[in-house]
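FYI, side chains are in, hydrogens and waters are out, and symmetry mates aren't considered; it's all heavy atoms of this structure.
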Amino acid sequence: MKIHFPTEVLERVVQEAVKQAIQDSLPTAIRKATRKKYLTTKEVAEILSCTRRHVQALRDSKKLPFIQSGRTIRYDVDEVEAYLSRGRVNTIKEE
């Protein structure tokens, strides 16, 4: 059995769905578009709340990918976020 909806109803449902999708994803898209692509060791240490030496240890143990040009070392912000996500512990809320 097929159910037919008036075109106006379908358009309104689609518009609301698109509006909600934009509201949900726009803040993240703006943040990603305006942030730096590469971070310094000092910036990574601040994000991870650790010392520069610990960042170096993560780099040496290949836990945190990096790019090096001469003596300059940079970290891709996406890789730093991925490192943080790997360490995330999900908790279960008790009701």
Side-chain angles (χ1 to χ4, degrees):
M1 176 165 91
K2 291 184 179 180
I3 299 174
H4 295 283
F5 292 101
T7 304
E8 297 84 21
V9 172
L10 291 174
E11 286 177 357
R12 188 172 60 241
V13 168
V14 169
Q15 285 175 349
E16 286 300 316
V18 169
K19 181 180 175 182
Q20 187 63 44
I22 289 172
Q23 287 176 347
D24 292 346
S25 63
L26 192 58
T28 302
I30 290 172
R31 182 178 58 81
K32 284 188 173 186
T34 58
R35 70 180 180 183
K36 293 169 59 173
K37 177 71 176 151
Y38 297 103
L39 303 171
T40 65
T41 301
K42 181 179 177 182
E43 291 168 331
V44 173
E46 289 173 5
I47 291 170
L48 299 180
S49 298
C50 66
T51 64
R52 293 170 54 109
R53 176 65 185 102
H54 184 73
V55 174
Q56 182 181 344
L58 292 172
R59 187 176 69 229
D60 294 344
S61 64
K62 307 219 185 309
K63 292 181 181 177
L64 189 59
F66 64 97
I67 298 167
Q68 184 169 4
S69 176
R71 294 181 61 165
T72 303
I73 296 174
R74 295 288 184 255
Y75 305 84
D76 187 313
V77 70
D78 294 328
E79 294 290 346
V80 174
E81 287 180 352
Y83 175 78
L84 283 172
S85 293
R86 288 191 298 270
R88 180 174 294 139
V89 176
N90 294 324
T91 59
I92 299 172
K93 289 184 181 179
E94 293 185 27
E95 295 182 28

Can you get from L84 to V77 by hopping between Ile, Leu, Val, Met, Phe, Trp and Tyr side chains that sit under 4.5 Å apart?
-> yes

Residues passing the side chain to side chain donor-acceptor pair (under 3.5 Å) test with R59, sequence neighbours excluded, are Y75

Rounded distance (nearest 0.5 Å) linking atom CD of E43 with atom CG of L48 | 12.0 Å

Should I73 and V80 be regarded as members of a common hydrophobic cluster, given that ILVMFWY residues are connected when their side-chain heavy atoms come within less than 4.5 Å of each other, either directly or indirectly?
-> yes

Excluding sequence neighbours, so at least two apart, what forms side-chain contact (heavy atoms from CB on, under 4.5 Å) with R52?
-> T41, K42, A45

Can you name the nearest heavy-atom pair linking L58 to Y83, along with the distance?
-> CD2-OH, 3.2 Å

Taking every non-hydrogen atom, the tightest pair across E79 and L64 | O-CD1, 4.1 Å

Once you round to the nearest 0.5 Å, how far does NE2 of H54 lie from NZ of K63?
-> 7.5 Å

Should the heavy atoms of other residues, nucleotides or ligands under 6.0 Å from NZ of K19 be counted, would the total exceed 12?
-> no

If you measure from CZ on R74 to CG on L39, what distance do you get to the nearest 0.5 Å?
-> 9.0 Å

How long is the gap from CD on Q56 to OG1 on T51, to the nearest 0.5 Å?
-> 9.5 Å

Main-chain N/O of G70 paired with Q68 side-chain donor or acceptor, under 3.5 Å | yes

